[in-house]
Structures are given as C-alpha cells and as structure tokens.
Amino acid sequence: MHVPRTFRLSRQAAIASLAVFLAVACGGAPAEPSGAGNTSAAPVKGGALTFAADTEPVSFDVHVSSQDITGAILRNVFDSLIAEDAAGKFHPWLAESWEVAPDLKSYTFHLRKDVKFHDGTPFDAEAVKINFDRIADPATKSQLAASLLGPYTGTKIVDPHTVTVEFSAPFAPFLQAASTAYLGFYSPKTIAANAATLGSGGSVGVGTGPFVFTEYAKGQQAVFTRNPAYAWPPKTAVHTGPAYLDKLTVRFLPEASVRVGSLTSRQIDVAAAIPPANAGTIDGNAALTLLNADYPGGNYSIYLNASKAPLNDEKVRKALQRGLDIDTNVKALYFGHFKRAWSPLAPTTPGYNTALENSWPYDPALANQLLDEAGWTARDADGYRVKDGKRLVVDWPLLPAQYVRDQRDILGQAFQADLKKIGVEVKRPQADIGTYLERVYGGKADMADYSWSRFEPDVLWLLFNGASRPQEGGQNATFLNDPDLTKWTDQGRATLDEAVRADVYGRTQQRAVDLALVIPVYTQSQVLGLGKQVRGLTLDANAWPLFYDVWLGKTTQ
Amino acid sequence: MTALTLTRAPGRRWSLPLAWAVLAPILVAAAAPELLAAVSPIATDPVNALLPPGAGHWFGTDQLGRDLFTRVVHGARPSLLLGLGATVLAVAAGALLGLAAALGGRAADQVVTRVLDILLSLPQLLLALLVITVLGGGVANVVLAIAVAFTPGYARIVRAEALVVRRSGYVEAAKGLGLGRPALIARHILPNAVGPLLVLATVGFGTALIAGSGLSFLGFGVQPPDPEWGAMLAEGRDFLATAWWIGLFPGAAITATVIAVNVLGRAAQRRFTRRTS
Amino acid sequence: MRTLAKRVGAGLAVLYGAATLAFVSLQLIPGDTVSTLLGPATTASAEVRAQISAELGLDQPPLTRYLAYLGRVVTGDLGSSYQLQRPVWQLIGDQLGPTVQLAAAAMAAAVLIALVSAVATAGRRRQVRAAATAWELVAVSLPSYWLGILLLTAFSFQLPIFPVIGAQDLPALVLPALTLGLPIAGVLAQVLREGLEAALAQPFAVTARARGLSQTAVRLRHALRHAASSLATLTGWLVGTLLGGAVLVETVFGRSGIGALTLQAVDNKDMPVVMGVVLLSALVFVVISNLVDLLYRVIDPRVRA
C-alpha cells in the first residue's frame, strides 16, 4: 500500500486555507492574479472544474496513505479539528476551542455541535475517538497518520462534545498534526461497514467536508460533488456556507507534456506541477496564468550515509557538498522557477535558518583539496581518484522512472558530471522500488535524495534524529546518531516555546550542513497553471490548491 | 509467406547497398564512437542547454547542454549490445531447447513443447517484464529478459527443422552407418538448422533492439548518465512541446538501424530460400 | 467433439502453466516482501509489518502456499495488490475497458490501412510496389514508443489537431490507435499484398473479370478473403503484439489501462498484479485463438478435414 510518494517523498499536512500569495512569484503576473483571488466580481455559484494532478493516490484511505496527493485531494472531503494559517497560528474548525495541558501530554477539544457527516450521522466526541483509535490500531496499517499521533495512548470522551486526546510523552507537534487532512474524520458508520475498502475511494469515503466523494476510476479520475449542507468552514476560509462549485473532477495525468497540452487546449481548468520548462508557454498564453508557491518542510536534498566508507569521512562528505555546482544546474534545469536551497529546511517553514544562505558556495578547488587531504590522491586511467587501489565510488540509487519527478534524474546526471571533475565516480543504479528501498533504507547506499513537505520544523526530527532509523520506518538516511542533532530535535518537539524551538531548530540546520550530512539542493515549488476563468483559488500552507472558495468566472477569451 | 520470398521484390537493387550505407556509420559509432564524436557524451554545459540543431550542434543539445549528436553516436554501442546480447543468448538457448526436444525422446519433446506452448501464449514484452520484476533492472537483466522472451520462438523453429532433418533419409542412413548421436547432431542436424536460424536471428535482432531500447525507455536498462537511445527518448518526453529534437534523433537512430537490419535479413532469407529450394 | 475436448484440455494446460510460471516467479524474488510492499516513504512500525506478513501467509512453506494459490486461482481469486490494497481481478476489470478499446481501434486501423494499401498496390507497376514494400518495411521497423512521440509532437503540440487527453472520447483514441496499429498494418499489408498478387495471377481472377466484375471489386473480394485467413493464422502474434504494445503506447500517451497497470506493478514489484496480468493474457490468448479457429472452420469448410 504505500506508495512511495511519487516524487517528493513527503508527507504533507494539508492545511486549511491561506497563503495564496505565499509566493506568487515567478514569471507570471504577480500583481494581478486574474485566476487567483480576484475579488472584484461577486462569486458565482455553480459549474464544474477539472483539476489535473501529476500523481494518483495509491490508497484513498486518508488514515493509511502517506502521500501528499491523498491529503491534498481529500482535504475537500475531510475537515480537521483545527486550522493552521500561513503564520503558524491555529484557528477553530470542527473544534470551537481547545486547551493544552502544561505537560503537553493531553489536549482537550470542545467540538461544534452542528456538524454532520455526508451520510447524516452527527459529528461528536464518539466519532473523534473512533477515528483516532482506528489510526493507532496496527491493523489499519497507517503509514503516516499514526506517526502524526505520536505517543498516542487514547481519547477520553468527557461529554458528547468534548474530548481529551492523551499521550504517554510530551507531544508539541500535535496541534499542527491535528490540522492536517490525515487526521480527518470518517463517519463512524462507514468505518464500521467499509473499513477495509476505504482505500479504494469513491462513495465509501464519507466525511464532513465541503465536497462529497462520489466516484473514482483508477488511472482516470476522482469526482466530487458539492455538499449542500456544509456550514462549518474553518476561520481561515474566505466565505461560509456550501462550496461554489457543483462538481470537482480530479484527473490523474502523470505525463507533464500531457498536463500542459490539455491545459493549453482548455480540456482542464487547473494543472498541478507544471514543469518549469513549460512555464513560459503558460505565461505567454493570454487565457492562462501561473500560480507559484514554495513547499514548506524538508527541501529536496541529498543525504549522505555517514555510517560507512567512503562517506564516513567528513572531508569526503564536505568535498561532495562543495563540489556540486548547484546554482548553475538548478537554474538551467528549472529556469529559475525553483530556488536553490541552502538549508535542509525550506524557507517558508517556521524556524528556517537564514544564516546558512550563501555560506557554502560551489568551490571545486576546495573540494579537490579536501579529497587530497583525505588521502584520495592517486588517479586511475579514467581520471577517478584512488586510495589503496580502490576507486572513489559513491552509490546513489535512482527511483523507478514512474517515481522520478521534476527531472531529478537529469539533475542527478549533472551532479555526476560535476563530481567526475573532482575525481568521484557516482553510480546510479535504477531498479524497482523494492530494491531501491533495500539499498537506501537498509543503509547500503551512500547517498539518497528526497524532500519531505510539511509545514512544521519537526520534519528535522524525522530527518536527523538518531531514533528516526530508516530500518524502522524513520527517514534519517545519514545513518548517524549525532548526540547534538538528536538532543535538539527531541527538545523541539517537547516544547511550545517559540524561542526555544527557533533556537534548537536553527542549530540543527547549521550542524547538519556543517557536518556535511546533507546537501540541500532546491526548494520545491508548486507551479500551478490555471485558466483565467478560475477565481478564488488559493494554496494552503502546504502549497496545495484549496477548492472550497473557488468559483468559475466568465472566460476572458 | 513463401509467396513473399519467391516473387522478386522490387527495388532490391538499391536497397541492399543503401542498408549497408546506413549501417556502416552506425557500426563505426558502436565500435569507435570517438572517431565520429570526440567530445564526452556525459560532459554537461548547462549554459548551452536546449539549443536547437545548428552548425555547432548538429542534433541540438539537451536539458544539460550535452551535445545530442555526440550522445546518439555514443549511444550506438549500448543500444546495439542490448539487442545483440539478447539475440545471441536467445538463439543459443533456443537451439539447445529445440534440439533437446527433437532428439531427446518423446518425454523430453512433450515437456519442452508444453513449456514452449505456455511461453508462446504470453506477449514477449510481458514475459520480459515478468523477468525484470523478478530480477530487477540493469543492462544484464534486460538482456536476459529479452532473451527469455525470444527463446521460445527460436526453440520452436530449431525443433521443427531438426525433426525434418531427422526424418529425412540421410540421417537414417548415417545412423545405419553407426554414427553416434553427438556426431549426428554436429554433422547433419546443426548445419541444416543453422541457415534458417541465422536468417531468423538477423530479423530477430531488429526486434530485440526495439525491445531493449523499449525497456530502457521504460527505465529498466542502461543506467544514467550513459547514453542509450531508448533512455534518451524517455528523457526527451517532457520537452515535446518546446524541444522536439531531443525526442527525434535517438528514435531515428533506432528506426534506421532496424530498417537496415531488416533489409539485410530479408536479403539473406531470399538467398537462403533460393539455395535450398 | 474429440478435437474440441482436446483443444479445451490444451487451453487448460496453458493456463495451468501460466499460473505456475507466475507462482514460481514470485518465489524467485529476493528480498523482504513486506518492505517491498510498504514502499519508501513509510513510518510503519514492526507490529504493522508482522500484521501484513501474517495476512499474506508469508510464514507458510512454499508447497502449502502453491496449493493454496492454485485453489484460489481456480475460484477466480487472484489475491490483492500489495500496493493498491484492492483485489487484482477488480483492478484488472477496471482497466480492461480502455485497453480493449485501444486494441480494437488499433486492430481496425491496421486492417483498414492494410486493405487499402494491398488493394491499391498489389500487382501494380514496379515503382508502386517498391513504394509499398518500403512503407511496409518502415512500419514494421518503427518502435511504437518513438512513433507515439512523433505523432504527439506533430498532431497535438505543433498542430493542435488531436486532444492530448481523454480516454473516453474518439478523437483522443486516434493517435494511440495509429501508434499501436501501424506496425501491425505493415505486416498485414505485406501478407495481403503478396497473397493478392498470387491470387490475381490465377485463372479465376481472369474469369471473374470476364464476367464483368470491375478490377477493384475482384481485388477487394480477394483481399477480404485473404485478410480473413491471414488474420486467423496471425491471431497469436496479434494478441501478443496488441497486449505487449499497450504497455508502451499507454505510457507514451499517459492513458490508463492494462499496460499502465502492468508497468506500475513492475515498478513496484507488485507481484499479485503482475501474476494476474500474466494469467489474463494467457486466458485471452487461449480464448481468442480457439474462437478464431472455430469461426474459421465455420467460414471455410475446407479446413474441417
């Protein structure tokens, strides 16, 4: 079931509204976002919108799936207890108010009393308990939601509309987690009747959200219709009452050229993941516009396996870090639409450390010097460095073609060429996902590349904490238990004190880069293409489009 | 099919020389790519990315500014080797299986024929994908996968040919003279089966080349950054609307090679049919 | 009747063999099945892993699993996809439609092109026949994945004639069907043209013309008869080419279908799905070749002997 997230191995927490203008940068008319947020006209009810996604959920069970796309699409079907805005502030949603225990081991939520599921079942404390217990049950085989619940011990029903969620240890990231679609609520009725088939999507996916999941055809589309009874949007939304759109169709078009082609030929209204190479085409089209927002969380970075030779030598790791011409290659391949990264954390994430910017520029001379110092002085016939008769080779497995996004395979080839210049051979075996996992998560590979989007610096725990062992479901592909990194990321998740969090997360980023455990490459950006008839489209803090406030204006052409 | 080989195909006079004219530079490229393109096929030059075909770059450049002509030239060897390796393996395995069936007695024949029936009922590409699912990708596994997919076809033909030869009078006569089985195979059956097998292998090489590059296109074959025609096509797919040349030239190289090989194969087939009929 | 029983028996043997082949392949896969099916971005715990292992019966000895597997296959239970967590027959059933549509359209396009080409060129002047041989040669030598890229570039991007997407409507089917059908058309055209050339040289063709039938009518009638018989003899090859070709064509055009499903399964080592597709193609092969054979006997009584 899991489906490796296609491209960006990320878990995303989709959050309620926000941040349209997170970064409406790039190429397209930023000042006059005719698609987005044009409020000059009164919204019109009705119409059908087609959105083309680049990936397809493997499982539509929001409690099971770890894919971004699942959370992004099902945000329309499931509401959360609370909503988070772009500044990281929390607002009421299905919970009118809440209290956090001083020891961060229990959270009490006071629920709205007027909320009903699509099947008419009232939403209450019992429903919250059933859903959270289901997520924590090993039989559910949750790949993400369970980890969002952290050290969950149970939910106590205080009264029909009050619940207390309890943990065995202090768990600060819970509020953020509770705002994600992954901790959304299925109707207890559908859980009782269809627990095993929720992953297949369609009408069994009964939630409380603004859209009803009506139909799913694998490989083609998922169809959602307006929930006419909807009256409980989060405070972060623009309007109240039911959604404007009658129908929302999500088409799955993995081929970038196909997505762009069908957008320009007006077969679809909105397309996700426009390749930067095609952004110009969209921009030059009077009927279309671009919306661009950086993903928060873990940047797309290369993680170096420091547990085995040759990368257990810090000098060699540093040489690789300084031997990659990231600026030039990222610019050439993404035409400036993706920013090069300096920290493992994306700039839009709370706690981002700006001091790292420009602190480790491309320096092939230094890289060569470091490799010489590390003893890799001799060169073989092919120009690669040799020590004790062994060539300096790093193994960097490539995901199966289906999972490669943003032309990362091509970018990898550019890095291979860069490292060849300093005498390092990079091998990029491409195999099926099982072999990939075994090599990368089993610690046999030397390098691994991924991104991990989540609007929360706690991703650093996942990436660098010693307990986040890949063999046991973690994501620390550096295979190093650095006492400082582990201590700081533990401290960060045990406090709600902003100053402490900023301090420990800032130091974590600095140290990870200093030890050259990570080579941050670029900040992923959601480049959405949309027809100008699409109004009111905003992106949430996770850079995914929100359709609740969207309406269709007259086509400008 | 005999009608085809017996009628005088038109345009034969120029088709053979033309096929060689196409194949010669491709063979040179495979044998010594440095002769045709001195630059490294993996050296990047991001500043000159996505240049259209022109004087400096005959086939244009790709996303990383690599010269496409150089990459197509250097891609010849891995591409041809995928097809050649698979064909050689498949022919060898097919010959073994076919001979075993024809000469190994009833039981062996039954078993081999049944197995062949099963394998022949599956599409070749699916069979190859099944092998890749089990073994994983990579050049060696792709070669093996295609070989497995093509073996049943060759085996069936060898078996049929061997049966014909075995039943013909002179083998019986040779047996009468006290010739042992190995000698029989070596002296009579193999030489008779070799002709049709070679002809088939030539045409089969074209198919194997298409299959090999196809699997690379799907991401199972040659590992980056080494150039291979099918893998290069896959890399060009995101640029159909903006940089058509990336998707054009590697495919043209595959097609030209296969056409030339097919022309040669058909010529060999005609010559062979004429000789035996 | 006896031949019928024999044919059914042979068909069943092929299916049994395909099922066994699929099972053996599963056993040959190295590595931990549970990790394979969990994928890379997972935070699944040891309990979850144990749960999955028990559900799949991975703790049983191989022979037990083989017999249990055969039993399930016989009752039509192909297991559940590791990755998609849905019954395999349901997944295949969902994806069958688009692929059948594509294959039928490709077949129709191939027959039409081959007929036109053969009728127009058989027995004509040297240059015409040279042109015919040339296009047939090019058609059979074109890799479908490249042809698809060329057609997309030309007719969807440079000249926006055909839509890029739309699995359901006819215009979106044109380019994929041509891509899949053209190599088949090349083979068919050659077989037809040569058959037609041989037929036209025979006395009855001359008599028919003497009876006042037009040249085209005579050609068409023979071409159709030959088309029927060559289609029958090529059935096995056709089924394989259409099914195998679907993997590449569906990839190039981003279509859904059995091919896309297969590729996704191979990339994820989702063996239950790969095994299901193997069984499906063996079944399709057995059913179609027997059907065609039967039809052919009805149409042409001479074969009965």
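Residue numbers begin at 1 in each chain, while the letters A, B, ... track the order of the sequences.
For chain B, no part of Met275(C) is nearby; none of its heavy atoms comes within less than 4.5 Å. Residue Leu127(B) touches chain C through its side chain alone, counting heavy-atom pairs closer than 4.5 Å. Proximity to chain C involves both the backbone and the side chain of Ile210(B), based on heavy atoms less than 4.5 angstrom apart. Only the side chain of Leu126(B) comes within less than 4.5 Å of a heavy atom of chain C; its backbone N, CA, C and O stay farther away. Proximity to chain C (any heavy atom under 4.5 Å) is shown, for Ala252(B), by both the backbone and the side chain. If you measure heavy-atom distances from Ser213(B) to chain C, the contacts under 4.5 Å come from both the backbone and the side chain. Both the backbone and the side chain of Val278(C) come within contact range of chain B, with heavy atoms under 4.5 Å apart. Both the backbone and the side chain of Ser281(C) come within contact range of chain B, with heavy atoms under 4.5 Å apart. At a 4.5 Å heavy-atom cutoff, the contact between Val277(C) and chain B is made by backbone and side-chain atoms alike.
For Trp20(B), the CH2 atom counts as loosely surrounded, since its 6.0 Å shell holds 12 or fewer non-hydrogen atoms of other residues, nucleotides or ligands. The environment of CZ in Phe69(B) is crowded: more than 12 heavy-atom neighbours from other residues, nucleotides or ligands sit within 6.0 Å.
Comparing Gly214(B), Ala211(B), Gly236(B) by heavy-atom pairs within less than 4.5 Å of chain C, the highest count is held by Gly214(B). Counting heavy-atom pairs closer than 4.5 Å to chain C, the top-ranked of the candidates Leu130(B), Asp117(B), Ile132(B), Leu120(B) is Leu130(B).
Residue pairs meeting the side-chain hydrogen bond (donor to acceptor under 3.5 Å, both in side chains) criterion with at least one member in residues 143-159 of chain B, sequence neighbours excluded, are Asp109(B)-Arg159(B).
Heavy atoms only, all atoms of each residue included: Ile118(B) and Ala18(C) are closest at CG2-N, 3.7 Å.
Contacts of residues 136-146 of chain C with chain B at a heavy-atom distance below 4.5 Å involve Leu137(C), Val138(C), Val140(C), Ser141(C), Leu142(C), Pro143(C), Tyr145(C), Trp146(C), listed in sequence order.
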